[in-house]
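Here's the structure, in structure tokens; my notes come after.
These values consider heavy atoms only, across backbone and side chains, with no hydrogens, waters or symmetry-generated copies.
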Amino acid sequence: MKKIILLLLASLIVYAAFFTEKDRLDREVKRLCAIDGGIRVYETVKLPAERFDQYGQIRVPVKWLAEPGDEYYYKGSTSYLIKGNPELLQLRTWIYHKSDNRLLGESTVYMRRGGGIPGPWHMPAFICPQETDVDMKKRIFIME
């Protein structure tokens, strides 16, 4: 009986330790997101309908994969603010006009990854804001 109680107590301590840090990082994600998270559009581009696919998107390749005929490209960065389990990341994306390297828009996302009970399942995460790079493209590239 003592072993069962000790095992339950140890499990409770491990569980509380994981989720306390996870909750603290979730609060930090919200704080950082309120400071500079989100999408900023500096210039919109009107394009003919044939430039958009069936989902209303246009192709914007990463800079190092851009082909000579591409008019736009994006760059991205991932910064690990806290490494480990859980970890805190800042994800940034910039979309540029290729001919003159003019910045059209940027996105900043904060993410807590991990912090759940260890196991073979998917690692839990918390992201702020919920908007994605797809949302940024929809704001920059407008159908005529």
If you round to the nearest 0.5 Å, how far is [atom2] of [Y] from [atom1] of [X]?
| X | Y | atom1 | atom2 | result |
| --- | --- | --- | --- | --- |
| Tyr96 | Tyr42 | OH | OH | 9.5 Å |
| Arg139 | Ser107 | CZ | OG | 9.0 Å |
| Thr108 | Glu106 | OG1 | CD | 5.5 Å |
| Lys98 | Asp100 | NZ | CG | 12.5 Å |

If you compare all heavy atoms of [X] against all heavy atoms of [Y], which two are closest, and at what distance to 0.1 Å?
| X | Y | answer |
| --- | --- | --- |
| Met136 | Ile39 | N-CD1, 3.6 Å |
| Met111 | Leu91 | SD-CD1, 4.1 Å |
| Gly115 | Lys22 | O-CD, 3.8 Å |

> Given the rule in the side chain to side chain contact (heavy atoms under 4.5 Å, CB included) test, do Leu88 and Tyr80 qualify, once you have shown the distances and angles that lead to the verdict?
Replying inline: CA-CA 6 Å; Leu88 179 62; Tyr80 287 82; over 6 Å; no

> Are the side chains of Asn101 and Tyr73 in touch, meaning some heavy atoms are under 4.5 Å apart?
Replying inline: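 Of all side-chain heavy-atom pairs linking Tyr73 with Asn101, at least one is under 4.5 Å.
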
>> Is any side-chain heavy atom of Val109 closer than 4.5 Å to one of Ile127?
In response: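 The answer is yes; the side chains approach within 4.5 Å.
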
> Does the Thr132 side chain pair with the main chain of Val134, one donor and one acceptor, at a distance under 3.5 Å?
Replying inline: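 The answer is yes, because a donor-acceptor pair under 3.5 Å joins these two groups.
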
> Can any side-chain N or O of Arg112 pair as donor or acceptor with the backbone N or O of Pro124 at less than 3.5 Å?
Replying inline: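 Judged by distance alone, yes, a pair lies under 3.5 Å.
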
>> So if I apply the side chain to side chain contact (heavy atoms under 4.5 Å, CB included) rule between Gln90 and each of Asp36, Val29, Thr78, which one comes out positive?
In response: Asp36

> Pick one: which of Thr44, Asp135, Ile58, Ile95 meets side chain to side chain contact (heavy atoms under 4.5 Å, CB included) with Ile140?
Replying inline: Ile95

> Do Arg92 and Ser77 have side-chain N/O donor and acceptor atoms under 3.5 Å apart?
Replying inline: no

Would you mind checking if [Y] and [X] are paired as a salt bridge, meaning a charged N to carboxylate O distance below 4.0 Å?
| X | Y | answer |
| --- | --- | --- |
| Asp70 | Arg59 | yes |
| Arg51 | Glu71 | yes |
| Arg113 | Glu87 | yes |

>> Parallel, tilted or perpendicular: which one describes the rings of Phe141 and Tyr72, with boundaries at 30° and 60°?
In response: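 Phe141 and Tyr72: perpendicular rings.
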
> Going through the distances and angles, do Lys30 and Phe126 end up as a side chain to side chain contact (heavy atoms under 4.5 Å, CB included)?
Replying inline: CA-CA 9 Å; Lys30 289 177 187 175; Phe126 176 70; 3.6 Å; yes

